[in-house]
Amino acid sequence: MEHDHLEREEKESFPKKEVQETISSLPRARGLALSEDLCQYQGFWVGLNALVGVILAQQHFQAQPTDIILSSIPKSGTTWLKALSFAIVTRNRYDDVNSPLLTEISHECVPVFIEFSFIQNKSCRSPDLPLLCTHTSFSCLPKSVIATPGCKIVYICRDPKDTFISMWHFVNSPKSTDPFLLEEAVELFCQGLSFQGPYWDHVLEYWNASLEMPEKVLFLKYEDIKSNPVFHVKRLAEFMGYPFALEEESKGMVQKVVELCSFEKLSTLEVNKTGKYKLRDELEFENRSFFRKGAVGDWKNYLTPEMAARFDQISEQKWKASGLSFNVTSS
Ligand code: A3P
């Protein structure tokens with residue numbers, strides 16, 4: 001319905017003139033991102049292409065009480081969270097032999113990206129699936145997400161050092177004509193100049209929201225899921241309103257979801273080794289770029305002790321008062 005409204009309003013110019021004017025008035029910079037400028041919008045550096053969708057979503061997105069919104073900064077575990085959530089929600093439709101996760105990357109299984117749906121004028125809902133995704137910061141989410149009872153948010157994040165290393169590899173993909181040197185990339189990320197950065201502020205907003213509204217926002221850490229996947233898959237299922245029954249648990253259903261969505265399983269599937277994923281018209285990714293190492297602590301192989309200490313100092317400074325930490329320090 002939001003899109004009928006949009007269609008009527010925006011036939012003459014897309015995006016609307018006022019959206020274009022807003023964007024052209026914003027600070028703009030080159031940051032650690034795929035080949036596009038970042039614009040500073042409401043405190044966060046948003047990719048120029050996504051920003052149109054972020055603003056349109058703020059104006060038009062109407063949350064539903066059944067919506068479950070999966071949120072993250074890219075390279076924090078989005079692909080994994082989508083796979084886990086999809087496997088949990090559809091476990092009565094599919095099993096570990098016929099799941100669409102075996103033949104499509106999880107981004108295709110959970111196709112609705114709120115901000116990109118608005119750019120492409122696509123529906124914001126998938127038939128029979130309550131899952132939607134976003135990279136938008138908590139404070140920039142459409143107000144109806146917060147105001148609609150029942151609508152829930154699951155946020156995943158990761159030690160900033162590992163997110164950074166994953167992002168650095170991703171933006172320096174083989175196609176990149178102007179690769180970022182490590183030192184330059186560290187500088188940009190630590191200054192907050194990365195896709196949806198400052199990373200620390202993005203994480204902190206969702207952390208605080210999860211403390212204030214635990215029934216609305218579930219805050220997950222990549223490292224925690226890695227160390228105890230069964231516990232966190234049960235927690236995720238319960239939060240989403242799809243709890244595992246005791247009978248399901250005794251049949252090993254939780255373990256099956258964990259195994260189906262594991263890095264080892266998904267990264268070795270043909271579709272994820274050779275397929276491609278088209279996020280929007282001019283943005284296509286090799287599926288394998290979403291599956292690099294899937295490890296905790298890979299930063300140790302790249303960052304100098306000084307670089308790692310810089311990340312940890314920012315974490316300490318930004319997060320200490322909130323009680324948030326990752327316990328994966330450089331010392
Ligand atoms: P690395 O680059 O450290 O290997 P996103 O999905 O947000 O883009 O994040 C990508 C990161 O998650 C990559 O990290 C990728 O390897 C890892 N990843 C992808 N699928 C995963 C899975 N099923 N389990 C654990 N990690 C996964």
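What you are looking at is a predicted structure, and each value in this text was computed from that prediction instead of being measured. FYI, side chains are in, hydrogens and waters are out, and symmetry mates aren't considered; it's all heavy atoms of this structure. Counting starts at 1 for both ligands and their atoms, in listed order.
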Worksheet, complete the sentence: For atom 16 (O) of ligand 1, the closest protein heavy atom turns out to be Arg292 N, 3.0 Å

Worksheet entry | Subset of ligand 1 atoms that lie under 4.0 Å from at least one heavy atom of Thr78 | 5 (P), 6 (O), 7 (O)

Fill in: contact_flag His169 ligand 1 heavy-atom lt 4.0 Å
no

Worksheet item: Under 3.5 Å between some N or O of ligand 1 and some N or O of Gly294?
Response: yes

Discussion item. Using a plain distance cutoff, I'd like to know if His107 has any nitrogen or oxygen under 3.5 Å from a nitrogen or oxygen of ligand 1.
Written reply: no

Worksheet item: Side chains of His135 and Ser72: closer than 4.5 Å at any heavy-atom pair?
Response: yes

Worksheet entry | Flag for Ser137-Gln196: side-chain donor and acceptor within less than 3.5 Å | no

Practice prompt. Would you please determine whether Ser72 falls within less than 4.0 Å of ligand 1 on a heavy-atom basis?
Written response: no

Discussion item. Could you check whether Tyr155 and Ser210, counting side-chain N and O atoms only, form a donor-acceptor pair closer than 3.5 Å?
Written reply: no

Worksheet item: In the protein, which heavy atom is nearest to atom 6 (O) of ligand 1, and how far is it?
Response: Thr79 OG1, 2.4 Å

Practice prompt. Return the residue, atom name and 0.1 Å-rounded distance of the protein heavy atom closest to atom 8 (O) of ligand 1.
Written response: Lys75 NZ, 2.6 Å

Discussion item. Just by distance, no angles: are the side chains of Glu259 and Gln255 close enough, under 3.5 Å, to form a donor-acceptor pair?
Written reply: yes

Fill in: Phe138 vs Asn208 side-chain heavy atoms within contact, under 4.5 Å
no

Worksheet item: Is any N or O atom of Lys226, backbone or side chain, closer than 3.5 Å to an N or O atom of ligand 1?
Response: no

Discussion item. Could you identify the single nearest non-hydrogen protein atom to atom 13 (C) of ligand 1 and state the distance to 0.1 Å?
Written reply: Ser166 OG, 3.6 Å

Fill in: Proximal candidate to atom 19 (C) of ligand 1 [heavy atom criterion; set Trp80, Trp168, Phe290]
Phe290

Discussion item. Test ring pair (Phe, Tyr, Trp, His ring centres under 6.0 Å) on Trp319 and Phe326; report intermediate values, then the result.
Written reply: CA-CA 10 Å; Trp319 291 344; Phe326 280 82; 5.5 Å; yes

Practice prompt. Taking atom CD of Glu238 as the centre, report whether more than 12 heavy atoms of other residues, nucleotides or ligands fall under 6.0 Å from it.
Written response: no

Discussion item. Below 3.5 Å, N or O to N or O, backbone or side chain included: is there any such pair between Gly77 and ligand 1?
Written reply: yes

Worksheet item: Relative to Phe170, does Lys75 satisfy both conditions: NZ or CZ under 6.0 angstrom from the six-membered ring centre, and within 45 degrees of the ring's axis?
Response: yes

Practice prompt. Return the orientation label for the Tyr222 and Trp80 ring planes: parallel under 30°, perpendicular over 60°, tilted otherwise.
Written response: perpendicular

Worksheet item: Which protein heavy atom lies closest to atom 25 (C) of ligand 1, and at what distance to 0.1 Å?
Response: Tyr222 OH, 3.3 Å

Worksheet item: For ligand 1, which atoms sit closer than 4.0 Å to a heavy atom of Phe291?
Response: 16 (O), 19 (C), 20 (N)

Worksheet item: Parallel under 30°, tilted from 30 to 60°, perpendicular over 60°: which one fits the rings of Phe116 and Phe113?
Response: perpendicular

Worksheet item: What atoms in ligand 1 come closer than 4.0 Å to a heavy atom of Ser262?
Response: 23 (N)

Discussion item. Yes or no: does Cys261 have any heavy atom under 4.0 Å from an atom of ligand 1?
Written reply: yes

Item to complete: Would you mind finding which of Met167, Arg158, Lys265 brings a heavy atom closest to atom 11 (C) of ligand 1?
Response: Arg158

